[in-house]
Number of protein chains: 6
Amino acid sequence: MPRVITFGELMLRLAPEGYGRFTDSPKFLATFGGAEANVAVSLANFNIDAAFVTKLPANDIGQAAINSMRRFGVDISKIKRGGPRIGIYYLEKGASQRASKVIYDRAGASIALASPDDFDWDNIFDGADWFHFTGITPALGGNLPEICETACKIAKNKGIKISCDLNYRKNLWSRETAGEVMGRLMKYINLCIANEEDADDVFGIKADDTDISGGKLSHDGYKSVAKQLAERFGIDKVAITLRGSISASDNNWAGMLYDGQEFYFSKNYAVHIVDRVGGGDSFGAGLIYSSLAGKSPQDALEFAVAASCLKHTIEGDFNLVSVDEVIKLSGGDGSGRVQR
Amino acid sequence: MPRVITFGELMLRLAPEGYGRFTDSPKFLATFGGAEANVAVSLANFNIDAAFVTKLPANDIGQAAINSMRRFGVDISKIKRGGPRIGIYYLEKGASQRASKVIYDRAGASIALASPDDFDWDNIFDGADWFHFTGITPALGGNLPEICETACKIAKNKGIKISCDLNYRKNLWSRETAGEVMGRLMKYINLCIANEEDADDVFGIKADDTDISGGKLSHDGYKSVAKQLAERFGIDKVAITLRGSISASDNNWAGMLYDGQEFYFSKNYAVHIVDRVGGGDSFGAGLIYSSLAGKSPQDALEFAVAASCLKHTIEGDFNLVSVDEVIKLSGGDGSGRVQR
Amino acid sequence: MPRVITFGELMLRLAPEGYGRFTDSPKFLATFGGAEANVAVSLANFNIDAAFVTKLPANDIGQAAINSMRRFGVDISKIKRGGPRIGIYYLEKGASQRASKVIYDRAGASIALASPDDFDWDNIFDGADWFHFTGITPALGGNLPEICETACKIAKNKGIKISCDLNYRKNLWSRETAGEVMGRLMKYINLCIANEEDADDVFGIKADDTDISGGKLSHDGYKSVAKQLAERFGIDKVAITLRGSISASDNNWAGMLYDGQEFYFSKNYAVHIVDRVGGGDSFGAGLIYSSLAGKSPQDALEFAVAASCLKHTIEGDFNLVSVDEVIKLSGGDGSGRVQR
Amino acid sequence: MPRVITFGELMLRLAPEGYGRFTDSPKFLATFGGAEANVAVSLANFNIDAAFVTKLPANDIGQAAINSMRRFGVDISKIKRGGPRIGIYYLEKGASQRASKVIYDRAGASIALASPDDFDWDNIFDGADWFHFTGITPALGGNLPEICETACKIAKNKGIKISCDLNYRKNLWSRETAGEVMGRLMKYINLCIANEEDADDVFGIKADDTDISGGKLSHDGYKSVAKQLAERFGIDKVAITLRGSISASDNNWAGMLYDGQEFYFSKNYAVHIVDRVGGGDSFGAGLIYSSLAGKSPQDALEFAVAASCLKHTIEGDFNLVSVDEVIKLSGGDGSGRVQR
Amino acid sequence: MPRVITFGELMLRLAPEGYGRFTDSPKFLATFGGAEANVAVSLANFNIDAAFVTKLPANDIGQAAINSMRRFGVDISKIKRGGPRIGIYYLEKGASQRASKVIYDRAGASIALASPDDFDWDNIFDGADWFHFTGITPALGGNLPEICETACKIAKNKGIKISCDLNYRKNLWSRETAGEVMGRLMKYINLCIANEEDADDVFGIKADDTDISGGKLSHDGYKSVAKQLAERFGIDKVAITLRGSISASDNNWAGMLYDGQEFYFSKNYAVHIVDRVGGGDSFGAGLIYSSLAGKSPQDALEFAVAASCLKHTIEGDFNLVSVDEVIKLSGGDGSGRVQR
Amino acid sequence: MPRVITFGELMLRLAPEGYGRFTDSPKFLATFGGAEANVAVSLANFNIDAAFVTKLPANDIGQAAINSMRRFGVDISKIKRGGPRIGIYYLEKGASQRASKVIYDRAGASIALASPDDFDWDNIFDGADWFHFTGITPALGGNLPEICETACKIAKNKGIKISCDLNYRKNLWSRETAGEVMGRLMKYINLCIANEEDADDVFGIKADDTDISGGKLSHDGYKSVAKQLAERFGIDKVAITLRGSISASDNNWAGMLYDGQEFYFSKNYAVHIVDRVGGGDSFGAGLIYSSLAGKSPQDALEFAVAASCLKHTIEGDFNLVSVDEVIKLSGGDGSGRVQR
């Protein structure tokens with residue numbers, strides 16, 4: 001069983017029940033999530049030995065966060081306990097023309113205040129095959145850019161493959177800082193995951209002729225972005241998620257993979273959305289799984305897109321689907337007929 | 001901050017959870033609503049100084065009704081307490097081909113038994129800029145037709161603009177009585193809101209070539225209805241909501257505004273419905289807000305239609321959206337992408 | 001009021017709330033259902049004197065099962081109490097590309113272990129006009145094939161009409177056993193209900209040129225299946241449900257009826273699904289009702305399809321709709337406009 | 001199986017979840033209840049053939065009310081459908097020093113507006129052994145006093161035993177009217193159920209030396225009340241419930257029975273309350289069951305007190321306990337040890 | 001209607017449903033609370049014109065916090081919007097021997113980072129009769145000690161009465177800092193509320209011979225504490241709450257008031273607890289109400305103790321009881337009999 | 001960190017919400033539990049390396065069961081997957097005089113049908129310090145008595161300490177079979193846990209002068225039982241739980257430990273019950289923890305009783321408390337004061 005390490009923030013996610021608005025909701029569904037944690041849980045559900053690294057407060061809320069991942073078999077033994085608090089994000093689910101809304105309350109979280117000494121990367125990477133993080137982790141500031149770079153270096157030295165999802169968050173850092181920091185980290189990356197906006201926001205890499213809101217996607221534009229990313233930083237593979245937002249309830253969902261030579265496009269799914277948060281993360285998990293499983297580029301991409309298509313039908317950040325379920329969908333059965 | 005007075009009934013709304021049927025539901029969601037109350041709450045959410053006038057029993061259920069509006073900043077100081085009971089409506093939410101069902105239990109409500117002495121309109125209208133009611137208020141019978149007429153007269157004398165949504169309810173009165181009473185009140189009205197059926201039901205004003213159930217709407221038919229309404233009663237502006245009912249889950253939604261000279265048609269929204277009750281009321285609130293904000297006819301209409309489009313995505317009678325959210329949608333972003 | 005007897009298993013249905021997955025759900029909605037029980041409840045809601053026959057354990061869970069049917073007016077006085085347990089099925093509701101999942105735990109249920117002495121068919125059929133069961137009942141094994149045959153014989157002797165839904169369940173028996181047992185029972189049947197897969201699975205009867213998963217249905221294929229069924233077993237009428245599975249959220253739904261002479265096809269409904277379990281059962285109930293009401297073949301079919309279309313909008317196995325609601329829809333109003 | 005007819009109002013009961021207050025509760029538990037309906041359900045749970053007579057509106061809320069009783073096996077075939085509405089009562093559950101609160105909204109209910117023609121008592125009483133109503137039924141006004149008297153006369157003529165719970169409700173009628181009407185009905189009564197306050201409120205019959213709020217109860221006082229009641233109206237048996245209210249969470253509960261010769265006192269139960277509404281009704285049902293079962297006075301009383309003790313531990317108006325459970329408690333096992 | 005200003009932090013309160021533990025709870029009840037906000041809401045429920053002053057972020061969670069108080073009629077127009085976040089506290093409700101648990105996450109809240117310019121006290125105190133804050137507000141640090149002192153000075157100058165609840169929180173500041181800051185503020189205080197521990201923790205004032213955990217309270221000890229407090233700081237009145245903790249489910253609750261001359265002790269309540277958070281705050285609100293209403297010391301104390309007794313029976317921080325309900329209890333009716 | 005292996009059945013527990021009865025409950029709380037699983041979870045919460053051994057079906061319900069234990073850190077890697085189904089128990093929570101009710105549906109469970117080959121005890125016991133099972137495991141029948149004996153032998157050979165809770169279940173086997181099988185296993189046992197009934201039911205060992213239902217417990221009786229058990233089977237230590245059942249809501253709870261020389265009695269706790277299922281299991285876990293931690297007999301007993309006292313305040317089978325919480329209570333603080 002291959003071993004994957006992911007590193008980032010795990011937040012408490014507070015969401016009104018159903019389609020309730022923040023200003024009128026007496027209950028919050030309390031789950032946990034975060035880009036890299038979501039990848040770890042998805043991988044554990046694929047029966048990968050996935051470990052998640054973060055720092056969480058040594059109180060019961062920190063413990064609840066750990067329990068939420070341990071439930072699905074993620075190795076949580078590398079999590080550092082301490083610091084003042086767990087970060088929070090509030091999620092209000094949208095519908096039809098009303099967009100989902102996210103309010104972040106992550107400043108001062110234990111992970112954001114972590115020190116380099118909190119993580120013994122030699123120990124953490126012992127026995128690992130893959131390392132994954134996203135642009136959010138260094139964006140948390142403090143020592144995180146440095147910690148990420150240290151982790152990348154040590155992983156590289158140990159021959160561990162590294163993947164990174166650009167995941168630009170404008171609330172966390174400026175385009176300038178992001179470009180500078182991520183630019184430094186890119187050289188360690190084997191697999192880069194992005195969407196068109198990320199590449200532009202972080203590195204000023206632009207595609208032509210695409211209109212994301214209108215739901216129309218230009219294949220050539222995506223090819224151009226992927227190629228620029230791969231060439232500028234010497235990355236092996238670049239994957240891009242293609243989301244066509246019709247409304248908060250209905251999206252088109254597909255992906256593209258560039259392996260340095262060819263461009264692969266997946267089939268497209270018309271998704272009726274239950275919860276789209278974590279869609280990109282589940283795509284990343286699908287790619288990592290596929291890579292470790294030695295799938296062909298086209299198969300790897302189809303697996304990742306099918307996996308993340310299914311994520312859109314599941315409440316919460318975590319993608320709770322098995323390899324069998326993904327393969328069944330990527331193999332063509334999206335009819336939704338009852339499985340008895 | 002302009003001040004708007006609305007007058008009507010506030011009912012307890014009892015709805016099975018989810019898609020439960022009345023005959024098999026152990027819990028009711030207990031909210032409150034009513035055509036004019038809904039307008040007041042929507043206006044308060046637009047930061048308008050909105051006051052709601054009604055009569056509610058002096059018990060805890062009456063107080064709960066008041067609290068539900070006060071929560072959103074509606075001025076409830078003009079509400080009269082007393083009388084025997086609060087009216088109720090039971091709502092069973094439909095889905096797909098199954099229609100939503102409403103059962104009214106509003107007879108004998110405190111407001112329906114109100115006396116002219118219960119409302120001191122001189123005091124109530126002090127400092128007000130706009131007065132709004134709907135055809136439901138006089139339809140409640142008793143002294144309500146007289147009270148409405150008194151209110152209209154006093155408002156008119158004070159130079160307050162008056163809007164009325166025809167809102168014909170066949171359970172409350174006959175077409176004949178409605179035509180007679182509403183005919184008397186129309187002469188005070190500056191802005192009349194209706195749908196095609198209302199104009200026909202109340203005043204026998206018909207449009208041609210339209211098939212509402214089939215989802216096809218004839219623009220010329222609506223123009224004809226609006227023009228007849230405006231001319232017969234000397235109304236400044238007539239607005240008509242254009243609903244294309246595909247199913248209980250999916251509707252088309254648009255509007256038309258006639259300002260005595262031109263006919264304006266809004267863009268159409270394909271809405272995936274969370275809760276359509278109060279859709280027309282939120283359209284009215286949007287128009288009142290737009291008028292007070294001095295928007296152009298086309299902008300006013302687009303604002304009202306976008307506001308009421310969003311209402312369809314929110315549980316309960318009340319439209320809990322801000323001006324910013326409406327403007328974002330009317331400005332073209334209905335893609336439902338997550339707002340972070 | 002005509003009297004209908006249905007015979008089969010009633011199971012406890014355990015379903016995570018909303019779209020929750022089995023592996024992450026702290027609560028199960030606890031309802032009851034089973035093919036023949038669902039028919040009985042639907043008929044009771046059509047004001048038919050419907051009695052359900054089964055065997056249930058003499059404990060409080062068995063009582064709860066009984067209560068769930070008695071609530072809707074089903075005559076439960078013929079239910080035998082005893083045996084070890086009630087069967088269970090776990091249902092995870094799918095969405096979009098994620099299929100619904102059913103896990104059966106019905107082995108060792110009281111009904112599966114029933115003895116011929118448990119049911120006094122002479123008494124049970126006293127005053128009855130119709131008898132209905134499905135292929136699931138004999139598939140439960142043990143004495144059930146024999147019990148079903150006894151019931152059919154006695155019903156036939158009393159001049160009671162008999163309907164059977166093939167309902168092949170591969171988890172319960174092999175195609176061979178099913179073909180052998182059902183072949184023996186078919187000769188008593190007046191009305192056979194099936195879908196294309198059933199006829200093939202049980203009797204090897206195939207249609208051409210159809211692709212069920214792709215949502216395209218060939219009318220000629222269905223005609224061929226129905227005719228073969230009718231002719232091989234001398235059945236008066238054969239009805240086939242036509243489901244086009246677009247996804248777990250959206251299906252097309254229609255039906256066909258063959259009365260030995262003509263083939264009737266219903267209109268098609270594009271259904272946005274709340275709960276599709278029991279869809280076929282509600283179709284059967286619609287046909288039985290229509291037959292007892294003396295409707296023409298086309299009307300009978302349209303009633304059955306409209307009834308089962310509505311079932312898809314209701315949570316749980318049971319179809320909680322009235323004759324009026326079905327007629328309104330079959331009469332053409334599927335617009336979902338609010339019924340006040 | 002003996003047959004019991006009960007006659008009265010069935011109301012929709014709306015209660016905030018848990019200990020929520022009316023003014024801050026987004027959901028109401030929606031159950032149904034009413035003094036005589038509660039007796040019928042309790043008797044059905046004792047396997048008595050219990051029929052409930054009332055008038056309910058011919059809408060889905062009326063149907064839901066019927067379903068709620070049919071679920072437990074009550075014969076609802078004698079219920080008249082029609083009239084405008086179902087009565088409602090709002091219940092806020094108290095705790096510790098905070099009292100439970102009931103708000104009635106029962107004016108204008110279908111039963112309150114019933115006409116004598118709505119009930120064919122000859123038919124209703126066909127095959128009946130016992131008739132039960134309470135002082136609430138005539139208190140509803142309109143034709144109810146007359147209807148009750150008619151029912152009593154016909155029952156008496158048919159040799160049916162009659163029981164009545166005085167159940168004085170000051171919101172429904174004055175002491176004077178109550179005394180006058182109930183005085184007329186008392187002469188038909190075989191078993192009268194009351195508490196000390198009832199006898200005083202309705203007939204001015206007083207006991208000495210008792211302090212109900214303080215939790216101290218004088219046996220002699222109760223004897224005196226029972227004897228006066230029996231003698232004044234020629235009643236066979238008088239039963240009195242003895243409630244010692246320590247707080248909204250803890251009560252003492254016992255009863256007394258006078259059979260015209262002896263006074264019997266039950267053991268006392270210290271009850272930790274889940275829901276005390278319907279406690280008196282379940283006592284009545286226990287007495288009726290015991291009488292029909294031919295129990296001795298002491299046993300009958302112990303059964304009724306144990307049954308109603310258990311009612312205090314069950315949510316809702318209805319007493320959902322079996323004869324076995326009652327006998328187990330009255331036999332001395334109140335230890336609450338797990339029954340496996 | 002007298003006007004009261006309270007000043008402090010309003011937090012989001014996140015509590016598992018029922019008796020759920022933090023480490024195993026999928027939902028949090030989301031309400032709002034804080035010592036001074038609780039006082040304001042309680043006063044508003046007593047029909048006092050209560051305004052609450054704080055700083056809340058200009059996002060939807062801040063708005064939800066405001067709505068939660070506006071619902072009950074608190075004047076929220078003086079609340080400053082801005083800053084990064086709302087403070088949070090997590091509450092796990094205890095039972096029997098398991099204590100309730102509170103985890104604070106209030107660092108970096110908008111109010112804690114407020115600047116003196118955020119509050120225009122001249123304007124805020126316009127028309128006010130009373131000012132209330134607790135030791136928690138200055139304990140938040142930053143500019144809060146200074147802001148509190150400014151507020152006290154201006155209030156004093158305007159002749160406004162000032163009350164303060166010591167409310168020592170060891171997580172927020174040391175005993176030394178607390179003693180120093182609170183010592184400075186005490187000289188403005190007319191009414192000081194405390195418990196024995198507070199006086200010791202903040203000022204080193206000790207009583208003798210008391211054992212709080214053991215449930216035994218020495219009257220003389222409390223007298224000594226109150227007298228020391230009053231004399232050291234020249235305070236008019238000192239009130240002390242007397243809690244006897246038997247378990248997390250059962251407490252004794254009483255109070256003492258010292259008016260500079262006499263010591264008054266209230267009756268004691270044996271409370272079966274629903275939610276004890278906010279008990280002290282509701283005691284303070286009761287005293288403020290009583291003072292404004294001109295009650296005698298004994299009556300004022302009994303009112304405050306009865307009000308806070310009732311608070312223990314209500315979920316959430318806020319005391320949702322009316323003056324009538326308090327007076328009924330303080331007048332002696334704690335029997336919990338149903339109020340119809 | 002010491003390692004403990006527990007072996008037994010893990011069942012799905014289905015319980016109506018709140019105090020709902022089976023016959024009237026639309027939802028079941030779905031948790032998992034079983035005597036030995038409960039011990040493992042409790043130990044994991046004490047930071048013991050606890051592994052649970054069982055056999056569960058290879059479907060999603062089996063996976064959910066595993067997840068429920070993995071969440072709390074139990075090592076689930078030794079669980080065998082396969083077989084037909086998971087056992088179920090239905091739990092209806094009692095209150096006051098109404099007893100809790102358990103309905104078992106465990107026949108045919110995967111574990112009950114397990115074969116000796118399913119468990120490789122050499123591997124399972126690798127690195128283990130303690131082995132625990134209860135009388136329920138062999139009572140499941142089939143190969144379980146043999147499997148238990150094999151496990152005991154291998155554990156004994158490896159020098160692993162063995163504890164066993166007698167846990168007699170009359171539904172699973174007769175006293176005779178129990179006595180025979182348990183008698184054979186007893187010789188491997190170091191620590192035997194029982195209650196007075198168990199010892200009598202399984203081995204005919206009786207105590208005198210005790211009345212369990214009446215809440216009075218004779219110390220001498222328990223001493224006699226413990227001594228007889230220890231002597232007959234050569235057991236090192238015998239522990240007995242002392243439950244005084246006042247009602248389903250209130251129990252007294254204490255324990256006794258006999259170490260072959262002295263008898264130790266714990267303090268008694270008056271418990272207000274949230275959920276008493278698993279109380280005995282949490283006592284066992286407390287004793288195992290204490291033994292591994294080298295506590296003195298009195299301290300070990302006090303720890304076990306305090307731990308299991310706390311279990312009664314937590315919903316579900318699992319005892320979710322930490323060592324710190326137990327020590328705080330056993331150290332004397334049962335006042336339930338809020339922990340901030």
Side-chain angles (χ1 to χ4, degrees), chain A residues 11-18 20-32 56-71 76 83-94 98-110 112-113 171-172 315-316 318, chain E residues 11-18 20-32 56-71 76 83-94 98-110 112-113 171-172 315-316 318:
Chain A
M11 290 176 284
L12 171 60
R13 161 181 155 157
L14 297 171
E17 294 189 292
R21 300 227 73 180
F22 286 135
T23 49
D24 191 35
S25 291
K27 284 189 198 172
F28 286 153
L29 302 177
T31 56
F32 294 88
L56 284 169
N59 61 26
D60 284 359
I61 307 299
Q63 190 59 47
I66 285 173
N67 289 4
S68 77
M69 297 189 70
R70 189 159 57 178
R71 175 178 188 90
I76 49 76
R85 67 182 296 256
I86 188 170
I88 291 172
Y89 84 94
Y90 300 92
L91 170 68
E92 184 187 272
K93 193 189 288 191
R98 179 166 60 83
S100 290
K101 229 173 179 174
V102 169
I103 296 175
Y104 288 108
D105 174 20
R106 66 204 309 180
S110 296
L113 305 180
N171 302 316
L172 289 175
E315 298 275 7
F318 296 161
Chain E
M11 290 177 284
L12 171 60
R13 161 182 156 155
L14 296 170
E17 293 189 292
R21 300 226 75 178
F22 286 136
T23 49
D24 190 35
S25 291
K27 284 189 198 173
F28 286 153
L29 302 178
T31 55
F32 295 88
L56 284 168
N59 61 26
D60 283 0
I61 307 301
Q63 190 60 47
I66 286 174
N67 289 5
S68 77
M69 297 190 70
R70 190 160 58 179
R71 175 178 188 90
I76 49 75
R85 67 182 294 258
I86 188 170
I88 291 173
Y89 84 95
Y90 300 92
L91 171 68
E92 184 186 271
K93 193 188 288 191
R98 179 166 60 83
S100 292
K101 227 172 179 174
V102 168
I103 296 175
Y104 288 107
D105 174 21
R106 66 205 308 182
S110 295
L113 305 179
N171 303 316
L172 290 175
E315 298 274 7
F318 296 160

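All values reported here derive from a predicted model rather than from experimental measurement. Convention: sequence-line order gives letters A, B, ...; per-chain numbering from 1.
Smallest separation of non-hydrogen atoms from E:Ile88 and A:Asp105: CD1-OD2, 4.0 Å.
Partners of A:Glu92 under the salt bridge (Lys or Arg N to Asp or Glu O under 4.0 Å) rule, at least two apart in sequence or in another chain, are A:Arg21, A:Arg98.
The line from CG of A:Leu12 to OH of E:Tyr90 is 5.0 Å long, rounded to the nearest 0.5 Å.
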Side-chain atoms of residues 60-68 of chain A: list all donor-acceptor pairs with protein atoms under 3.5 Å, sequence neighbours left out, distances to 0.1 Å.
from	atom 1	to	atom 2	distance (Å)
A:Asp60	OD2	E:Lys101	NZ	2.8
A:Gln63	OE1	A:Arg81	NH1	2.8
A:Gln63	NE2	A:Asn67	OD1	3.1
A:Asn67	OD1	A:Arg70	NH2	2.9
A:Asn67	ND2	E:Thr23	O	3.3
A:Ser68	OG	A:Ala65	O	2.6

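For A:Ile103, the part sitting under 4.5 Å from any heavy atom of chain E is the side chain, from C-beta outward, and nothing else.
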